[in-house]
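Sequential numbering from 1 along the given sequence is applied to the chain's residues.
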Amino acid sequence: MMKITIISVGKIKEKYLKDAICEYEKRLSRYCRLDIIEVDDEKTPDGASTAEESNIKQKEAERILKHVKEDAYVITLEISGKMYDSVEFARKLANLGIRGEGHIQFIIGGSLGLHDKVCSCADMALSFSKMTFPHQLMRVILLEQIYRSYRINNGEPYHK
């Protein structure tokens with residue numbers, strides 16, 4: 001069974017997002033071993049300078065990189081990453097499994113995005129949209145798409 005780890009900056013505070021995440025964790029339990037790791041985010045002061053923002057991303061990167069496994073296939077979520085439709089994404093996950101990748105790690109950055117150090121360690125950069133989403137909501141969107149992928153790959157019905 002494939003292991004999927006989501007490394008995400010920041011805690012989920014909103015109950016409705018926690019509930020959605022719990023629901024997808026439950027649904028995914030029959031398809032994969034799912035682990036969600038939350039690393040602390042840094043407070044970004046209003047009007048932060050470029051240097052301050054870089055320093056914040058650097059601190060978050062150090063926390064993220066402590067959890068990145070050498071034997072994992074690492075996918076960062078980035079606006080500049082490759083976009084897939086749901087069927088293509090499902091095929092990509094299936095192909096990774098066929099290739100023998102037993103552990104996929106997805107990385108979701110904080111409100112400022114990911115530091116270059118994190119991006120450079122990725123095997124793949126993935127984008128869900130050119131739009132920016134709150135990182136807490138992105139976790140739900142990612143879980144939904146992983147679940148959808150398993151349903152597609154198993155030939156099971158799923159709402160379009």
Cut-off 3.5 Å, no hydrogens considered: what does the side-chain donor-acceptor table look like for residues 69-83, sequence neighbours left out?
unit_1	atom_1	unit_2	atom_2	d
Thr76	OG1	Glu78	OE2	2.5

Hey, can you pull the donor-acceptor pairs under 3.5 Å for the side chains in residues 5-13, sequence neighbours left out?
unit_1	atom_1	unit_2	atom_2	d
Thr5	OG1	His103	NE2	2.7
Ser8	OG	Arg139	NH2	3.3

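Hydrophobic clustering (side-chain heavy atoms under 4.5 Å, transitive across Ile, Leu, Val, Met, Phe, Trp, Tyr) keeps Ile98 apart from Ile152. Hydrophobic clustering (ILVMFWY, side-chain heavy atoms < 4.5 Å, transitive): Phe133 and Leu126 are in one cluster.
Judged as a side-chain contact (heavy atoms from CB on, under 4.5 Å), and not counting sequence neighbours, the contacts of Ala20 are Val140. With sequence neighbours excluded, the residues that form a side chain to side chain donor-acceptor pair (under 3.5 Å) with Arg151 are Tyr31, Glu156. Looking at residues two or more places apart in sequence or on another chain, you find no salt bridge (charged side-chain N to carboxylate O under 4.0 Å, His left out) involving Glu52.
Of all the heavy atoms in Met1 and Ser29, the pair that sits closest is CE-O, 4.3 Å. For Ile36 against Glu25, the heavy-atom pair with the smallest separation is CD1-OE2, 3.4 Å. Looking at every heavy atom in both residues, Pro45 comes nearest to Ile56 through CD-CD1, 4.1 Å. Residues Gly109 and His135 approach most closely at O-CB, 3.2 Å, considering heavy atoms. The two residues Val118 and Ala61 make their nearest non-hydrogen contact at CG2-CB, 3.5 Å.
Atom CZ of Phe106 is separated from atom CG of Leu143 by 9.5 Å, given to the nearest 0.5 angstrom. The line from CG of Leu34 to CD1 of Ile104 is 11.5 Å long, rounded to the nearest 0.5 Å. We find the CD-NZ distance between Gln136 and Lys18 to be 11.0 Å, quoted to the nearest 0.5 Å. Between Leu137 atom CG and Glu14 atom CD the span is 9.5 Å, to the nearest 0.5 Å. One distance of note links CD1 of Ile141 with CD1 of Ile108; it measures 9.0 Å at 0.5 Å rounding. Separating the NZ atom in Lys92 from the CG atom in Asn153 is a distance of 13.0 Å, to the nearest 0.5 Å.
Judged purely by atom type and a 3.5 angstrom limit, Asn55 has no side-chain atom pairing as donor or acceptor with the backbone of Ala51. Formation of a donor-acceptor pair under 3.5 Å by the Glu88 side chain with backbone atoms of Asp85 is found in this model. Side chain of Ser149 to backbone of Gln145: a donor-acceptor contact under 3.5 angstrom is found.
Using a 4.5 Å heavy-atom cutoff, the side chains of Phe89 and Val87 are not in contact. Contact annotation: the side chain of Ile64 approaches that of Leu114 to within less than 4.5 Å [non-hydrogen atoms, C-beta and beyond]. Residues Phe128 and Leu142 meet the side-chain proximity criterion, which asks for heavy atoms closer than 4.5 Å.
Between Glu23 and Lys26, at least one side-chain nitrogen of the basic residue sits less than 4.0 Å from a carboxylate oxygen of the acidic one, meeting the salt-bridge criterion. The pair Glu144-Arg27 does not meet the salt-bridge criterion, since no charged nitrogen lies less than 4.0 angstrom from a carboxylate oxygen.
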Could you go step by step and tell me if Ile4 and Asp35 meet the side-chain contact (heavy atoms from CB on, under 4.5 Å) rule?
CA-CA 6 Å; Ile4 293 182; Asp35 190 19; over 6 Å; no
Between Glu42 and Arg63, is the salt bridge (charged side-chain N to carboxylate O under 4.0 Å, His left out) condition met? List the steps.
CA-CA 11 Å; Glu42 287 290 313; Arg63 293 178 192 138; 2.4 Å; yes
Going through the distances and angles, do Tyr150 and Met2 end up as a side-chain contact (heavy atoms from CB on, under 4.5 Å)?
CA-CA 11 Å; Tyr150 278 106; Met2 169 118 16; 3.7 Å; yes
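Screening residues 104-133 for side chain to side chain donor-acceptor pair (under 3.5 Å) gives Gln58-His115 as the qualifying pairs, with residues at least two apart or on separate chains.
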